[in-house]
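In each ligand, atom 1 is the first atom listed, and ligand 1 is the first ligand listed.
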Amino acid sequence: MWRRQVGALLLRHRSTPSSTLRHHLPLPVPDQSPPLASNLLLRLFTSQSGEGGDGATKPFIAFVLGGPGSGKGTQCVRIASDFGFAHLSAGDLLRSEISTGSEKGELILNIIKEGKIVPSEITVELIRKAMESSDAKRVLIDGFPRCEENRIAFERITGTEPDLVIFFDCPEDEMVKRLLGRNQGRVDDNIETIKKRLKVFESLNIPVVDYYTSRGKVHKINATGTEEEIFGAVHKLFSSLSS
Ligand SMILES: Nc1ncnc2c1ncn2[C@@H]1O[C@H](COP(=O)(O)OP(=O)(O)O)[C@@H](O)[C@H]1O
Ligand SMILES: Nc1ccn([C@H]2C[C@H](O)[C@@H](COP(=O)(O)OP(=O)(O)O)O2)c(=O)n1
Ligand SMILES: [Mg+2]
C-alpha cells in the first residue's frame with residue numbers, strides 16, 4: 001500500500017516516463033457515460049509508475065492546476081465523485097493547519113493573506129501525510145505545485161511524479177469575478193490579495209505548467225463557460241483515460 005511505501009519511496013527515486021501516458025494515445029472518446037464500475041476503474045487508473053517493491057502499486061496522481069478562481073476545486077469534487085479519486089486540496093490542507101492555531105498555522109496565515117506561496121517543505125509534508133493516510137488508488141492534488149520550488153520538493157520528498165497534469169485555462173477577469181463572488185469567508189478573496197495572487201500565478205505557476213507541457217503531461221481545459229460545460233470536457237478526458 002502507498003501508506004507503507006512512502007518511506008521506501010523517500011529513499012528510492014522513481015520517475016514516470018511520459019511516453020506511457022495513455023491520454024496521448026489516439027483513443028476513441030466514449031460518450032458521457034455513467035460512472036464505471038469501481039473494479040474496472042481500479043485497473044484502468046493504476047499508475048504507470050509501477051510498483052514500489054513490496055508488491056504494492058503507487059497511486060495514479062493527477063496534479064490540478066489553474067489560476068485562482070479558475071474552478072479547480074469545483075471540478076475536482078465532480079471528478080472525485082464520478083471517477084473514484086481522492087481529492088487533496090493543498091489550500092484546504094494549509095487552511096486546516098491554520099485552524100489548529102499552531103505557530104506554523106500562524107506563519108501560513110500571514111503568507112496566504114499576502115497572496116504569497118507557503119514554503120514548499122510545509123506544503124509537501126502536509127500532502128505527503130495526507131497521501132500516507134489514504135489507501136486511494138487515484139489521487140487529485142488540487143492547487144499544487146504552485147511554483148518550481150513546490151514541484152522539485154514534491155519530486156524529491158516523495159520520489160515520484162504526476163501521471164497527468166490538468167490545467168484549467170481561464171481569463172483573468174473571469175477569475176476575479178468568481179473569486180469576488182466565492183463568499184466562503186476566505187482571507188485572500190479580496191481585491192488587493194487577488195491582484196497579488198494573479199501576479200504570483202503568472203510568474204511562478206505558469207513555469208510549472210510549461211515544464212510539464214514539455215514533458216507531455218499537460219491536458220489543458222478551457223475553463224470558461226458553465227460548471228456543467230467544463231465538466232463535459234473533463235468527463236471526456238477521464239473517460240478517454242479509461243477506455
Ligand atoms: N464554470 C463556472 N462558472 C461560474 N462560476 C464558477 C464556475 N466554476 C466555479 N465557479 C465558482 O467560482 C468560484 C471559484 O471556484 P473554485 O472551484 O473555488 O476555484 P479554484 O479552486 O480554482 O480557486 C466558486 O465560488 C465557484 O462556485
Ligand atoms: N501549493 C500551494 C497551494 C496553496 N498555497 C497558498 C497560497 C494560495 O494563494 C492559498 C490558497 O490556495 P488555494 O489552492 O486554496 O486557492 P485557489 O483554490 O486557487 O483559490 O494557499 C500555497 O502557498 N502553496
Ligand atoms: Mg481551490
Does ligand 1 have an atom that lies less than 4.0 angstrom from a heavy atom of [X]?
{"X": "Gly66", "value": "no"}
{"X": "Ala223", "value": "no"}
{"X": "Gly67", "value": "yes"}

Problem set entry | Under-4.0 Å heavy-atom contact with ligand 1, by part of Thr226 that carries it | backbone
Any idea which of [options] brings a heavy atom closest to [atom]?
{"atom": "atom 12 (O) of ligand 2", "options": "Gln184, Glu114, Arg146", "result": "Arg146"}
{"atom": "atom 25 (O) of ligand 1", "options": "Glu229, Lys72, Arg182, Glu174", "result": "Arg182"}
{"atom": "atom 5 (N) of ligand 2", "options": "Val187, Leu94, Val208, Val118", "result": "Leu94"}
{"atom": "atom 7 (C) of ligand 2", "options": "Arg151, Lys116, Glu149, Lys196", "result": "Lys116"}

Please identify which atoms of ligand 2 are closer than 4.0 Å to at least one heavy atom of [X].
{"X": "Gly143", "answer": "1 (N), 2 (C), 3 (C)"}
{"X": "Arg95", "answer": "11 (C), 15 (O)"}
{"X": "Phe144", "answer": "1 (N)"}
{"X": "Lys72", "answer": "17 (P), 18 (O), 19 (O)"}
{"X": "Asp188", "answer": "10 (C), 11 (C)"}

For [atom], grab the closest protein heavy atom and report residue, atom and distance to one decimal in Å.
{"atom": "atom 21 (O) of ligand 1", "value": "Gly73 N, 3.0 Å"}
{"atom": "atom 15 (O) of ligand 1", "value": "Thr74 OG1, 3.6 Å"}
{"atom": "atom 20 (O) of ligand 2", "value": "Arg197 NH2, 2.7 Å"}
{"atom": "atom 21 (O) of ligand 2", "value": "Ile112 CD1, 3.4 Å"}
{"atom": "atom 1 (N) of ligand 1", "value": "Gly225 O, 2.9 Å"}
{"atom": "atom 4 (C) of ligand 1", "value": "Arg178 NE, 3.6 Å"}
{"atom": "atom 11 (C) of ligand 2", "value": "Arg186 NH2, 3.4 Å"}
{"atom": "atom 19 (O) of ligand 1", "value": "Gly71 N, 3.2 Å"}

Exercise. For ligand 1, which atoms sit closer than 4.0 Å to a heavy atom of Ile230?
Worked result: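 Ligand 1 atoms under the 4.0 Å threshold to Ile230: 1 (N).
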Determine whether [X] and [Y] make a side-chain contact, defined as any pair of heavy atoms from C-beta on separated by less than 4.5 Å.
{"X": "Leu94", "Y": "Thr123", "answer": "yes"}
{"X": "Ile230", "Y": "Arg78", "answer": "no"}
{"X": "Phe144", "Y": "Leu93", "answer": "no"}

At under 4.0 Å between heavy atoms, is it the side chain or the backbone of [X] that contacts ligand 2, or both, or neither?
{"X": "Asp92", "answer": "neither"}
{"X": "Arg182", "answer": "side chain"}
{"X": "Asp142", "answer": "neither"}

Exercise. Relative to the ring of Phe201, is the ring of Phe167 parallel (under 30°), tilted (30 to 60°) or perpendicular (over 60°)?
Worked result: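 Answer is parallel, since the angle falls under 30°.
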Exercise. In terms of side-chain geometry, is the basic nitrogen of Glu202 or Lys199 positioned less than 4.0 Å from the acidic oxygen of its partner?
Worked result: no
For this session: Answer yes when Glu192 and Lys196 have at least one side-chain N-carboxylate O distance shorter than 4.0 Å, and no when they do not.
Result: no
Exercise. Polar-atom distance check: Thr123 versus ligand 2, any N or O pair below 3.5 Å?
Worked result: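 Min N/O separation from ligand 2 is not below 3.5 Å for Thr123.
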For this session: Give yes if a backbone or side-chain nitrogen or oxygen of Gly69 is under 3.5 Å from a nitrogen or oxygen of ligand 1, and no if not.
Result: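 It does: an N or O of Gly69 is found under 3.5 Å from an N or O of ligand 1.
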